[in-house]
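As structure tokens, the structure follows; a few thoughts come after it.
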Amino acid sequence: MESINVVVDDMSYTDIDTSNGDAFEFFNFQEPTVNIESQEDVDSDRNSEEEEDIKVEEKGEPTEEIASLKPSARVKLNHPEAQVIGKVTDPMKTRKQVRDEVDKGLFISQSNYAKGLVSKFGLESAKHARTPMSTTTKLARDSENTDIDQTLYRSMIGSLLYLTASRPDIAFSVGLCARYQACPKESHLSAVKRIIKYISGTLGQGIWFTRDTTANLAGYCDADWAGCADDRKSTSGGCFYIGNNLVSWLSKKQNSISLSTAEAEYIAAGKQPLTVEEMLLNLTLVSTTPIIDNL
């Protein structure tokens, strides 16, 4: 058997204090203990950590989750807010809810565009107008009044013309103001601002298309005899329905001067209804004779 020489220290045995047993502490070997945690202990630790995180959030201390925007069903993370249609906080509709609404009908509105139009020209805080145009004042060339910026006036007219795609109630007023884009005056600008003030009070208006309807075509036409104060020409107006749904409307100054109210209304009821009927026949939507009512 081989002998092993262990050198403890250079000190002698007599120098070591053996009263408390410290001298032999190095020779007391203890087996290492393995701490095995059960799954219940791990789960309890996780729950306690989650409770601490909740307490931190309740105290109002900022965390990374609070500072960053969380993606939702409506908006993805870091999605541009300007491209979101409607409010982000609105709940998402299920497919069944959307299908039920479509089965009843369809509502077309340009409310967001109209709101932006009012803000663009700085009239969001102005008093709302009850009608788009005055019934007593007639627009004319008005060469004696002050000139205004043509670029601003044409910008306002162009924005309003785009809005007439879903707002037939302003078609006549916008068309009348659009005649004076070459040399606009203060009176013309006041008329355009009145239209925008009217839109500011009727942002939610639009067109409702219902599914419960018929395929009968009905048209309503009228004309104001010698309504234009500049050249004494009449303006034709009309709207056309398929059943209960409004599908087409117009407001246009006639090309010729009418010598009587009958002639002006005859021109108004002449061409446009036949054009609408021909278009619908090509789409195989109407097979009956149109009903024309000249008011």
Side-chain angles (χ1 to χ4, degrees), residues 129-145 153-154 157-158 160-161 163-195 198-199 205 207 214-282 285-295:
R130 299 184 62 182
T131 56
M133 182 165 284
S134 175
T135 57
T136 58
T137 305
K138 288 190 176 182
L139 290 181
R141 288 195 176 93
D142 195 9
S143 57
E144 298 179 357
N145 211 329
Y153 188 82
R154 291 174 181 176
I157 293 296
L160 290 172
L161 285 173
L163 189 60
T164 56
S166 62
R167 296 290 298 268
D169 53 335
I170 63 173
F172 172 76
S173 304
V174 176
L176 183 58
C177 294
R179 301 174 187 175
Y180 305 101
Q181 297 184 69
C183 187
K185 304 292 183 178
E186 284 286 349
S187 58
H188 306 142
L189 182 62
S190 299
V192 174
K193 286 184 177 180
R194 181 188 175 102
I195 299 174
Y198 168 75
I199 293 171
Q205 289 190 5
I207 303 176
T214 62
N216 297 326
L217 175 63
Y220 303 89
C221 302
D222 199 2
D224 61 337
W225 180 58
C228 183
D230 300 321
D231 51 14
R232 307 301 294 174
K233 289 182 179 180
S234 305
T235 302
S236 301
C239 55
F240 303 92
Y241 290 81
I242 296 181
N244 301 326
N245 298 326
L246 179 64
V247 294
S248 179
W249 58 91
L250 80 152
S251 176
K252 182 181 179 182
K253 188 168 73 170
Q254 297 179 2
N255 297 327
S256 60
I257 299 175
S258 301
L259 301 179
S260 63
T261 57
E263 182 181 355
E265 293 182 359
Y266 181 79
I267 295 173
K271 185 177 180 181
Q272 188 66 24
L274 299 178
T275 304
V276 174
E277 182 191 13
E278 183 180 359
M279 178 187 67
L280 297 177
L281 285 175
N282 292 334
L285 294 176
V286 177
S287 59
T288 59
T289 304
I291 303 172
I292 307 299
D293 184 6
N294 188 271
L295 300 178

Expected output: side-chain Tyr180 to main-chain Leu139 donor-acceptor under 3.5 Å: yes
Interatomic spacing from CZ in Arg141 to CG in Asp230 - rounded to 0.5 Å: 4.0 Å
Tyr241 and Tyr220 aromatic ring geometry - parallel, tilted or perpendicular at 30°/60° bounds: perpendicular
Where at least one partner belongs to residues 173-190, residue pairs that pass salt bridge (Lys or Arg N to Asp or Glu O under 4.0 Å), sequence neighbours excluded: Asp147-Lys185
Pairing residues for Thr164 by the side chain to side chain donor-acceptor pair (under 3.5 Å) criterion, not counting sequence neighbours: none
Distance (rounded to the nearest 0.5 Å) between Ser187 OG and Lys138 NZ: 15.0 Å
Shortest non-hydrogen contact between Met133 and Cys177, atoms and distance: CE-SG, 3.9 Å
Any residue meeting side-chain contact (heavy atoms from CB on, under 4.5 Å) with Ile207, in chain and number order, not counting sequence neighbours: Pro168, Phe209, Trp249
Criterion side-chain contact (heavy atoms from CB on, under 4.5 Å) on Lys193 and Leu189, from CA distance to verdict: CA-CA 6 Å; Lys193 286 184 177 180; Leu189 182 62; 4.0 Å; yes
Heavy-atom donor-acceptor pair, Lys233 side chain to Asn255 backbone, under 3.5 Å: yes
Least distance between heavy atoms, Cys221 atom then Ala268 atom: SG-O, 3.8 Å
Qualifying residues under side-chain contact (heavy atoms from CB on, under 4.5 Å), relative to Ser258, sequence neighbours excluded: Trp225, Ser234, Gln254, Glu263, Ala264, Ile267
Shortest non-hydrogen contact from Ile242 toward Leu217: CG1-CD1, 4.5 Å
Closest non-hydrogen atom pair between Ile170 and Ile199, with its separation: CD1-CD1, 4.0 Å
Within 6.0 angstrom of Arg154 CZ, more than 12 heavy atoms from elsewhere: yes
Shortest non-hydrogen contact from Gln205 toward Tyr198: OE1-OH, 4.0 Å
Asp142 side-chain N/O to His188 backbone N/O, donor-acceptor pair under 3.5 Å: no
Results of salt bridge (Lys or Arg N to Asp or Glu O under 4.0 Å) for Asp169 - residues two or more places apart only: Arg167
Closest contact, heavy atoms only, Gln181 versus Ala178: NE2-O, 3.1 Å
Residues in salt bridge (Lys or Arg N to Asp or Glu O under 4.0 Å) contact with Lys253, at least two apart in sequence or another chain: Asp231
Leu176 CG to Phe172 CZ distance, which is reported to the nearest 0.5 Å: 5.0 Å
Exam field: side chain Asp224 to backbone Thr235, donor-acceptor pair closer than 3.5 Å: yes
